[in-house]
Every structure is written in structure tokens, then in C-alpha cells.
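Since the structure is predicted, the reported quantities are computational estimates derived from the model, not experimental observations.
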Amino acid sequence: VQLQASGGGLVQAGGSLRLSCAASGRTFMNFHGGWFRQAPGKEREFVAAISRSAYGDSTRYADSVKGRFTISRDNAKNTIYLQMNSLKPEDTAVYYCAVTQIVWSYADDTRRYTNWGQGTLVTVSS
């Protein structure tokens with residue numbers, strides 16, 4: 001599976017952005033999908049994950065984005081989305097999408113993801 005992330009940009013604090021991650025391949029629905037981010041000088045961190053559809057599209061979020069971000073998927077379009085609302089300056093980072101077929105309980109573990117897209121930069125100004 002190859003991934004292409006898009007939708008990043010510059011937004012003021014309190015604003016919204018929607019990131020998209022388009023995947024190639026006919027087995028997309030069999031993968032869990034995740035969004036991660038990496039701020040300058042920091043390690044890549046988990047943001048959100050959505051299970052493969054056979055698991056009912058379950059979701060999981062980092063505490064720092066819970067209630068503000070929403071992950072979703074459209075299998076017909078082979079795309080995973082990350083709707084980001086009430087953005088804060090500390091959300092500034094390069095955002096990456098990834099997919100994996102590991103056990104769902106490890107969905108927040110960066111090391112478990114096998115296919116990664118290129119990053120898209122999100123900058124939130126204060």
C-alpha cells in the first residue's frame with residue numbers, strides 16, 4: 001500500500017484543517033490507519049488511529065487531541081481523514097499517515113506501522 005498525505009497548511013489558533021491520506025491498493029479496507037506527527041526537535045508521536053472496517057472502524061486518540069480531532073475513513077475512496085478543530089500552536093508539526101495490519105491493541109505504537117506516507121506540514125499561528 002502506498003500513501004499520499006495532503007491538506008496541511010497555515011491556520012490561526014482556533015481554526016480547522018482536514019488532512020487526507022489517499023492509499024493505493026485494493027486491500028485498503030483490511031488495514032488499520034493512523035496519523036502521527038513530529039514537531040521540530042521532538043520524536044514522532046501518535047495522534048489518532050482507526051481500525052480496519054471488520055473491527056467496526058473503532059477509533060483511538062492521543063489525550064492531547066481528544067475532543068478536537070476526528071479520524072475517519074472512506075474505503076470506497078481508499079482514504080483516511082483527520083479533521084482537526086480548535087487547533088492550538090502546539091499542534092504545529094509535520095503530520096504523517098500510516099497503515100498496518102498488526103493487532104489493534106498496538107495501534108498507537110509508531111513502530112508497528114509498516115507503510116508510511118510523506119508528511120504534510122501543519123502550522124498553527126497564535
Side-chain angles (χ1 to χ4, degrees):
V1 177
Q2 292 184 325
L3 305 173
Q4 179 77 34
S6 62
L10 173 63
V11 63
Q12 289 188 331
S16 298
L17 280 175
R18 188 176 81 157
L19 305 183
S20 298
C21 178
S24 63
R26 294 175 292 176
T27 60
F28 172 72
M29 68 173 61
N30 295 329
F31 287 80
H32 306 313
W35 285 97
F36 299 80
R37 66 187 182 187
Q38 187 166 18
K42 295 188 177 181
E43 292 187 353
R44 191 172 299 187
E45 65 176 6
F46 169 74
V47 175
I50 187 165
S51 74
R52 58 188 184 188
S53 297
Y55 288 10
D57 291 346
S58 297
T59 57
R60 185 177 300 175
Y61 297 93
D63 288 342
S64 59
V65 306
K66 205 171 291 183
R68 299 188 298 122
F69 290 11
T70 301
I71 189 170
S72 61
R73 68 190 299 160
D74 185 338
N75 290 328
K77 296 182 178 179
N78 277 10
T79 302
I80 296 173
Y81 302 99
L82 185 68
Q83 178 67 44
M84 305 186 295
N85 299 329
S86 302
L87 282 161
K88 305 175 181 180
E90 51 263 44
D91 294 319
T92 294
V94 177
Y95 283 70
Y96 298 89
C97 61
V99 295
T100 183
Q101 290 184 303
I102 51 82
V103 176
W104 175 241
S105 59
Y106 296 124
D108 58 352
D109 188 340
T110 304
R111 299 167 297 177
R112 304 287 185 169
Y113 282 75
T114 53
N115 300 74
W116 291 82
Q118 91 294 355
T120 185
L121 177 62
V122 172
T123 304
V124 184
S125 62
S126 57

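When side chains are defined from C-beta on, Cys97 does not count as touching Ile80, because their heavy atoms never get closer than 4.5 Å. Side-chain atoms of Arg73 and Asp57, non-hydrogen and from C-beta on, do get closer than 4.5 Å to each other.
Atom CG in Asp74 sits 10.5 Å away from atom CE in Met29 (nearest 0.5 Å). For the atom pair Thr59 OG1 and Lys66 NZ, the distance stands at 9.5 Å (nearest 0.5 Å). Rounding to the nearest 0.5 angstrom, the gap separating the CD atom in Gln2 from the OG atom in Ser24 is 4.5 Å.
Of the options Val99, Asn78, Thr79, a side-chain contact (heavy atoms from CB on, under 4.5 Å) to Leu3 is made by Val99 and by none of the others.
No donor-acceptor pair under 3.5 Å is formed between the side chain of Tyr113 and the backbone N or O of Ile102. Using modelled atom types, one side-chain atom of Arg60 and one backbone atom of Ser105 make a donor-acceptor pair closer than 3.5 Å. With hydrogens and angles ignored, the 3.5 Å screen pairs no side-chain donor or acceptor of Ser58 with any backbone N or O of Ser51.
For residues 112-121, every residue pair satisfying the salt bridge (charged side-chain N to carboxylate O under 4.0 Å, His left out) rule, not counting sequence neighbours, is listed here: Asp109-Arg112. Here side chain to side chain donor-acceptor pair (under 3.5 Å) pairs that include residues 81-92, with residues two or more places apart or in two chains, are Ser16-Asn85, Arg37-Asp91, Arg68-Asp91, Gln83-Asn85.
Listed by chain and residue number, Gln4, Ala5 satisfy the side chain to side chain contact (heavy atoms under 4.5 Å, CB included) test with Gln118 (two or more places apart in sequence, or in another chain). Among residues two or more places apart in sequence or in another chain, the side chain to side chain contact (heavy atoms under 4.5 Å, CB included) test is passed with Arg44 by Phe36, Gln38, Tyr96, Thr110, Trp116. Every side chain to side chain donor-acceptor pair (under 3.5 Å) that Tyr55 has, sequence neighbours left out, goes to Arg52. In terms of the side chain to side chain donor-acceptor pair (under 3.5 Å) criterion, Lys42 has no residue partners (sequence neighbours excluded).
When the side chains of ILVMFWY residues are joined at heavy-atom separations under 4.5 Å, either directly or via intervening members, Phe46 and Ile50 end up in two distinct hydrophobic clusters. Under the 4.5 Å side-chain heavy-atom criterion for Ile, Leu, Val, Met, Phe, Trp and Tyr, Val11 and Leu82 are members of the same hydrophobic cluster.
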Apply the test side chain to side chain contact (heavy atoms under 4.5 Å, CB included) to residues Tyr61 and Thr70: give CA-CA distance (whole Å), side-chain angles for both, the deciding distance (0.1 Å), then the verdict. CA-CA 8 Å; Tyr61 297 93; Thr70 301; 3.8 Å; yes
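Considering all non-hydrogen atoms of both residues, Ala23 and Phe28 come closest at CB-CD1, 3.4 Å. For Leu10 against Ser125, the heavy-atom pair with the smallest separation is CD1-CB, 4.4 Å.
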